Amino acid sequence: MDIFAVYSDHVIKALQEIFPNEPKLTPLLHRVVVEPPRDASHGDLSTNAAMVVAKPLGKNPREVAALLAKYFENNQDVASIEIAGPGFLNFSLTPEIWQNILKSVVLSGEDFGRSKTGRKTKVNIEYVSANPTGPMHVGHTRGAVFGDALASLMQFCDYDVRKEYYVNDAGGQIDILAKSAFLRYREALGQDIGEIPAGLYPGDYLVPVGKRLADEFGNTLVDKPQSEWIETVKTIVLDAMLDLIKADLAKLGIEHEIFFSEKTLHGKNGAIEQTLDWLKEKGFVYQGKLEPPKGKTPEDWEDREQILFRASNFGDDTDRALVKSDGSYTYFASDIAYHRDKYLRGFNHQIVVLGADHSGYIKRLQAALKAVSNGEASVDVRICQLVRLLRDGKPVKMSKRSGELVTLSDVVDEVGCDAVRFMLLFRRNDASLDFDFAKVKEQTKDNPVFYVQYAYARCCSVFRVAKNDVPDLDISQKALEEADYSLADSKEELELIRLVAQWPRIVEAAAKAHEPHRIAFYIHDLAAGFHKFWTKGKENSSLRFVNQDSLNVTLTRLALVEAVRQVLKSGLTILGVSAPKELS
RNA sequence: GGUCCCGUAGCUCAGCAGGAUAGAGCACCAGAUUCCUAAUCUGGGGGUCAGAGGUUCGAAUCCUCUCGGGAUCACCA
């Protein structure tokens, strides 16, 4: 139950009854909002309805507000109603309403806040998609966590979500990978390979792959020409790299449902060819020249005719090349085919999570999908900005040359999965982020991860204490559901209930905007509200959760704690952060 | 030069499809533990929402321009 949505419906219905046969009204209604007022002294709910509607109807906003106020005058749930400022209408609801909401929260359990807005709409979320040439780098972490949390969030709202990883297993970097692995194979056979030549991957994660090749093939490949071993080695090394990546992702609790191989798009009569043929038929492809970029022209600029996609017809800044000078397809060509494939699989709603260095790619991707789906499908590209790693307040240097490559695995091992995930989600994705090892590991209220987890552990602790202090009290789920909710009547309790009641609208707004960070901020707020109430109980023993003098009050308070616990749990689960019952 | 993102308190950031007196945390100052985990809480000072125009009942939020910071710019993936 979302009280704000309920009242939004009430207000709209009221407007329709107050202004019957008014054709100008309908198009205005979507702008009517019912939300919590910024200042709690203004009441429980606030609506802009009168101001939205007044001018187009030629009325005075405060007059409209007065009509609305009159409409709700006799509503039993409304304790008082006020017109404020330019025409805000502020409702204060009776305590009974809030108490009923609390009861409904306890009844829904951890399903409270689940939304039906997704209506099983198919959504494809592509994230990570790191090149399969080695273990994952820290740079990939933010996008990985973001995509994963977004997927959970949308599932929570009843979207039919597919989590997908696009494996770039077709480009030139895979040849290099195979050559690098072959070198390690020779090494495993006892040959002296000396220094790893520049341009090959030097990482020792390829050593086991070399061993595996040696075990499997003995020395049968050593003297063969590259053309005879390259495909075999590619298959094996790619397989190994994907295992490495999957293991890294598993450390963060991430598991994709689909690993889509780029290679499968290539080849004769493959998806790329088909897509290009289709685009040609539509007249979206032509032979032409591109202008060099303004400003500085690249040194090796080659002024040549090439096969181009009319991306500029679909909102991109310029047309884009599809075939390289050596005759093979560009990355973009296969990407068009890939996104067309997603569309053909039924995904009209696509989300792609990319790093900041790909921001220039957004328009052409959107252009491609528009073209290829006749405008039926669209893709929301979410860019995750850079993460700056800090140790002792100083940036961590990361140079590939010196081998100081910080891997995802290193970071997770050092600070833990929960802290990594929460910190990366406790910030808008499109703003850059400092990740300070010291702060992330700190176990105080300054660290939002522990602050929220501590609140959750405290909720659980209350139940442990209740079991111990009032052993005769039945605190089963059933008993909580049947508690006397009218006892939750203090100012402090009602305040906490109001906070809990916001969960459904937070979830919906976050899902709609594709912004999981809102979940993180909300549960941080809720944790603060809970800690606050807790401390009130320290100052005033009548506000303690467990009260030996009144079992009825205790039961009601436990129901409130249970409601908070459920929401914290749901929120943490969406973010992929664990909810420990106690902290040690 | 083009495109995209960012600019809100000393610092780190929120601000919910424009809404009321712009909010948290850190830091600083002053307080609260016989008591459900003080890993917490209460109070205080601190702002030209980068700047200038525009849109309207109303702008931190939308539009235009300027300034500052970052990313990116045929053929790589």
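No experiment lies behind these values; they were computed from the predicted model shown. Keep in mind that the numbers below use all heavy atoms, side chains included, and drop hydrogens, waters and symmetry copies. To find a chain, count down the sequence lines: A is the first, B the second, and so on, and within it residues start at 1.
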Exercise. Mind checking A:Glu291 for me? I need base, sugar-phosphate or nothing, with any heavy atom below 4.0 Å counting as a touch.
Key: nothing
Quiz item: How would you label the contact of A:Gly355 with the nucleic acid (heavy atoms, under 4.0 Å): base, sugar-phosphate, or nothing?
Solution: nothing
Quiz item: Which part of the nucleic acid, if any, lies within reach of A:Lys536 when heavy atoms closer than 4.0 Å are counted: base, sugar-phosphate only, or nothing?
Solution: nothing
Quiz item: Using the C1' atom in both, what is the distance from B:rU55 to B:rU64, to the nearest Å?
Solution: 11 Å
Quiz item: When rounded to the nearest Å, what value does the distance between C1' atoms of B:rC62 and B:rC26 take?
Solution: 33 Å
Practice problem: Measure from the side-chain heavy atoms of A:His531 and tell me the nearest of B:rC41, B:rA74, B:rG19. | Solution: B:rC41
Quiz item: Nearest to the side chain of A:Arg505, which nucleotide is it out of B:rC75, B:rC57, B:rC16?
Solution: B:rC16
Quiz item: Taking atom C1' in both B:rU8 and B:rA60, what distance in whole Å separates the two?
Solution: 7 Å
Quiz item: Looking only at atom C1', what distance separates B:rG51 and B:rA14, rounded to whole Å?
Solution: 23 Å
Quiz item: With no hydrogens and no angle check, do the side chains of A:Asn540 and A:Ser542 hold a donor and an acceptor under 3.5 Å apart?
Solution: yes
Quiz item: Rounded to whole angstroms, how far apart are CZ on A:Arg38 and P on B:rA14?
Solution: 16 Å
Quiz item: Which nucleotide, in any strand shown, forms a Watson-Crick or G-U wobble pair with B:rU61, with both distances under 3.5 Å?
Solution: none
Quiz prompt | is_close_aromatic(A:Tyr165, A:Tyr127), centroid dist under 6.0 Å | solution = no
Between the protein and nucleotides 70-73 of chain B, are there any N/O to N/O pairs under 3.5 Å, and if so, what are the atom names and distances?
residue: B:rA71; atom: O2'; partner: A:Ala356; partner atom: O; Å: 3.0

Quiz item: So, is A:Arg428 near the phosphate of B:rC5, with a side-chain N or O under 4.0 Å from OP1 or OP2?
Solution: no
Quiz item: Are A:Arg391 and A:Phe437 in a cation-pi contact, defined as NZ or CZ under 6.0 Å from the six-membered ring centre and within 45° of the axis?
Solution: yes
Quiz item: Which nucleotide, B:rC41, B:rC5, B:rG15, lies nearest any side-chain atom of A:Tyr451?
Solution: B:rC41
Practice problem: May I have the distance from A:Lys441 (atom NZ) to B:rA39 (atom C1'), rounded to whole angstrom? | Solution: 18 Å
Quiz item: If you check every side-chain atom of A:Asn48, which of B:rG19, B:rA17, B:rC36 has the closest atom?
Solution: B:rG19
Quiz item: CD of A:Glu82 versus C1' of B:rA20: gap in Å, rounded?
Solution: 12 Å
Quiz item: Does the side chain of A:Lys324 get closer than 4.0 angstrom to OP1 or OP2 of B:rA77 through an N or O atom?
Solution: yes
Quiz item: How close or far is atom P of B:rC36 from atom CD of A:Glu492, stated in whole angstroms?
Solution: 19 Å
Quiz item: B:rG19 C1' sits how many Å from A:Asn90 CG, rounded?
Solution: 11 Å
Practice problem: Would you classify A:His517 as touching base, sugar-phosphate or nothing, given that sugar-phosphate means primed atoms plus P, OP1 and OP2, and contacts are heavy atoms under 4.0 Å? | Solution: sugar-phosphate
Quiz item: Using a cut-off of 4.0 Å on non-hydrogen atoms, how would the nucleic acid contact of A:Gln453 be classed: base, sugar-phosphate, or nothing?
Solution: nothing
Practice problem: Compute the centroid of each ring, for A:Tyr451 and then for A:Phe422, and state whether the two points are separated by less than 6.0 Å. | Solution: no
Practice problem: Select one nucleotide: of B:rC4, B:rA77, B:rG19, the one nearest the side-chain heavy atoms of A:Pro86. | Solution: B:rG19
Quiz prompt | Pair partner, B:rA32 [Watson-Crick or wobble, under 3.5 Å] | solution = B:rU40
Quiz item: With stacking defined as ring centroids separated by under 5.5 Å and planes differing by under 30°, is A:Phe521 stacked against B:rA14?
Solution: no
Quiz item: Counting side-chain heavy atoms from C-beta on, which of B:rA77, B:rA20, B:rC41 comes nearest to A:Glu262?
Solution: B:rA77
Self-check item: Between A:Thr117 and A:Glu508, a side-chain donor and acceptor under 3.5 Å
Solution: no
Self-check item: Donor-acceptor under 3.5 Å (A:Thr554 side chain, A:Asn547 main chain)
Solution: yes
Self-check item: Euclidean distance, atom CZ of residue A:Phe426 to atom P of B:rC26 [Å, nearest integer]
Solution: 12 Å
Quiz item: Between A:Phe309 and A:Phe332, what is the ring plane arrangement, given parallel below 30°, perpendicular above 60°, and tilted in between?
Solution: tilted
Exercise. Quote, to the nearest angstrom, the P distance that separates B:rC29 from B:rC35.
Key: 28 Å
Practice problem: Between A:Thr330 and A:Ser461, just flag the one whose closest nucleotide in RNA chain B comes earlier from the 5' side. | Solution: A:Ser461
Exercise. Could you check whether A:Ala84 gets within reach of a base, just the sugar-phosphate, or nothing at all, counting any heavy atom under 4.0 Å?
Key: base
Quiz item: Would you find a donor on one side and an acceptor on the other, under 3.5 Å apart, between the side chain of A:Arg310 and the backbone of A:Tyr286?
Solution: no
Quiz prompt | Counterpart base for B:rA71, defined by Watson-Crick or G-U wobble contacts under 3.5 Å | solution = B:rU3
Quiz item: Is the side chain of A:Asp169 donor-acceptor paired with the backbone N or O of A:Glu262 at a distance under 3.5 Å, no angle test?
Solution: yes
Exercise. Mind calculating the distance between CG (A:Leu290) and C1' (B:rC75) to the nearest angstrom?
Key: 10 Å
Quiz prompt | Listed nucleotide nearest any side-chain atom of A:Arg518, set B:rC36, B:rC16, B:rA39 | solution = B:rC16
Practice problem: Can you check each nucleotide of nucleotides 27-35 of chain B against protein heavy atoms at under 4.0 Å and return B for base, S for sugar-phosphate only, - for none, in 5' to 3' order? | Solution: --------B
Self-check item: Exam field: side chain A:Asn447 to backbone A:Lys439, donor-acceptor pair closer than 3.5 Å
Solution: yes
Quiz prompt | Candidate nucleotides B:rU56, B:rU3, B:rU42, ranked by approach to the side chain of A:Lys532 - the nearest | solution = B:rU42
Quiz prompt | Close side-chain approach of A:Leu279 and A:Thr275, heavy atoms under 4.5 Å | solution = yes
Exercise. Kindly say whether, by distance alone, the side chain of A:Ser46 makes a donor-acceptor pair under 3.5 Å with the base of B:rA20?
Key: yes
Quiz item: In whole Å, what separates the P atom of B:rA27 from that of B:rC67?
Solution: 39 Å
Self-check item: Whole-Å C1' distance, B:rG2 and B:rU48
Solution: 33 Å
Self-check item: Row check, A:Phe4 ring normal vs A:Arg505 NZ/CZ: under 6.0 Å, within 45°
Solution: yes
Exercise. Find the distance A:Ile3:CD1 to B:rC16:P and express it as a whole number of Å.
Key: 22 Å
Exercise. Please figure out whether A:Lys363 or A:Asp326 has its closest RNA chain B nucleotide nearer the 5' end.
Key: A:Lys363
Quiz prompt | Separation between the P atoms of B:rG23 and B:rG44, rounded to whole Å | solution = 13 Å
Quiz item: Quick one: does A:Gln502's side chain have a donor or acceptor within less than 3.5 Å of a partner on A:Pro36's backbone?
Solution: no
Self-check item: G-U wobble or Watson-Crick pairing nucleotide for B:rC11 (cut-off 3.5 Å, both distances)
Solution: B:rG25
